[in-house]
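Okay, so here's the structure we're looking at.
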Amino acid sequence: MASFIESGWLYLITHFSDFQLASLGSFFLHESVFFLSGLPFIFLERAGWLSKYKIQTKNTWACKVVSHCRPGIFRKVVLMQIIFYFILEDFVFYWGHRILHTKWLYKHVHSVHHEFATPFGLTSEYAHPAEILFLGFATVVGPAITGPHLITLWLWMVFRVLETVEAHCGYHFPWSPSNFLPLYGGAVFHDYHHRLLYTKSGNYSSTFVYMDCALSQDAIIGVFGTDKGYRKLKALKSNEVEARSKQI
């Protein structure tokens, strides 16, 4: 596997310039991951398969550079950098997203993204051009600081696209990352943000939940308490399930 990746990378740097790889290569990688990960959720929705895992019952259908490095050290550096990118991106995104939920910016910019109260994977990047540029800064600030290897940049792009598609997919599966990673928000966390079409919907973070959580006994860790509505809804649903189980 390692030799296959190394030979593939060698082919790329031999046949393409640094500029072509960094610009066109990054673009095609982003688009490939975005559509290949997002389109299956449209198929699931249209076919009605796995509907029991759908977070909202209603359906939504939109018609509307370097050459080489030592593998061992490289893997450790890549892992550390991508973890750093996720943490930094989540922090910057949280504040940028909260700013977009102020009245004027929400009405004129961010409301485009919120046209879908029931999101699906491809709506993750459906937004006003100004928003894409504004919140896109959160994604590029980490790599801009560290100046990573191009492979690291591409891996970060892949993980970031997969994360945002998953957060907007509209499904909460048994294998969803939020079931295994305590501080990961995922689809069930971000879906609540979309179902409320006004400026104070909460759940502003992109990946993790600690920025939104309140510092309380119920939260594992938290900071600003902008997830109060979401936590109330979760408690209400939990009570409903408990009441049904007692009736049975």
Side-chain angles (χ1 to χ4, degrees), residues 1-42 65-97 99-100 109-110 112-113 121-169 177 181 184-186 190 205-208:
M1 182 64 179
S3 60
F4 174 76
I5 295 174
E6 288 174 4
S7 60
W9 177 246
L10 183 62
Y11 176 85
L12 288 175
I13 61 176
T14 303
H15 291 80
F16 300 96
S17 68
D18 289 352
F19 175 78
Q20 288 173 324
L21 290 174
S23 56
L24 296 177
S26 299
F27 172 77
F28 286 119
L29 178 70
H30 172 275
E31 297 305 304
S32 299
V33 175
F34 176 64
F35 284 105
L36 289 175
S37 61
L39 287 173
F41 291 105
I42 293 180
V65 153
V66 291
S67 59
H68 70 279
C69 59
R70 288 174 289 176
I73 296 175
F74 180 60
R75 283 192 291 268
K76 293 178 182 178
V77 172
V78 169
L79 179 62
M80 290 175 63
Q81 286 182 332
I82 288 179
I83 291 173
F84 171 70
Y85 297 161
F86 266 114
I87 294 172
L88 181 62
E89 189 277 338
D90 191 65
F91 177 82
V92 176
F93 185 97
Y94 175 86
W95 288 110
H97 197 185
I99 290 171
L100 287 176
V109 179
H110 193 49
V112 174
H113 183 64
L122 296 184
T123 62
S124 58
E125 295 191 2
Y126 177 79
H128 192 286
E131 176 177 343
I132 293 174
L133 291 173
F134 182 59
L135 290 183
F137 174 76
T139 301
V140 302
V141 64
I145 291 172
T146 63
H149 189 286
L150 185 58
I151 290 180
T152 306
L153 178 65
W154 285 356
L155 282 173
W156 164 236
M157 287 175 58
V158 168
F159 289 140
R160 181 68 183 97
V161 172
L162 290 176
E163 181 277 322
T164 191
V165 169
E166 193 274 334
H168 289 83
C169 74
L181 302 175
Y184 182 85
H190 194 69
S205 298
S206 59
T207 305
F208 307 111

Aromatic ring pairing [X]/[Y], orientation class (parallel under 30°, perpendicular over 60°, tilted between):
X: H168; Y: H113; answer: perpendicular
X: F159; Y: F86; answer: tilted
X: F93; Y: H97; answer: perpendicular

[atom1]-[atom2] distance between [X] and [Y], expressed to the nearest 0.5 angstrom:
X: I13; Y: Q20; atom1: CD1; atom2: CD; answer: 13.5 Å
X: I151; Y: I5; atom1: CD1; atom2: CD1; answer: 8.0 Å
X: L100; Y: L135; atom1: CG; atom2: CG; answer: 5.0 Å
X: L79; Y: L155; atom1: CG; atom2: CG; answer: 10.5 Å

May I ask you to decide if [Y]'s main-chain N or O and [X]'s side chain share a donor-acceptor pair within less than 3.5 Å?
X: W156; Y: T139; answer: yes
X: Q81; Y: V78; answer: no
X: T123; Y: Y126; answer: no

Taking the side chain as every heavy atom from C-beta outward, state whether [X] and [Y] have any atom pair closer than 4.5 Å.
X: T164; Y: H190; value: no
X: L24; Y: F16; value: no
X: H30; Y: E125; value: yes
X: S124; Y: F34; value: yes
X: H128; Y: H110; value: no

Establish, from distance only, whether the side-chain atoms of [X] and [Y] form a donor-acceptor pair under 3.5 Å.
X: E163; Y: S206; result: no
X: T152; Y: Y85; result: no
X: E166; Y: Y184; result: yes

Please name the pair of heavy atoms, one in [X] and one in [Y], separated by the smallest distance, quoted to 0.1 Å.
X: W154; Y: S26; answer: NE1-OG, 2.9 Å
X: P148; Y: P143; answer: CD-O, 3.2 Å
X: V165; Y: G38; answer: CG1-CA, 3.8 Å
X: A130; Y: V109; answer: CB-CG1, 4.3 Å

Note to self: Does L88 form a side-chain contact (heavy atoms from CB on, under 4.5 Å) with I145? I'd like the steps, not just the answer.
What the structure shows: CA-CA 11 Å; L88 181 62; I145 291 172; 3.8 Å; yes

Margin query: Between H149 and W9 (judged by ring centroids, cut-off 6.0 Å), do the two rings come close enough to count as a pair?
Written below: yes

Note to self: Run M157 and V33 through side-chain contact (heavy atoms from CB on, under 4.5 Å) and show every step you take.
What the structure shows: CA-CA 9 Å; M157 287 175 58; V33 175; over 6 Å; no

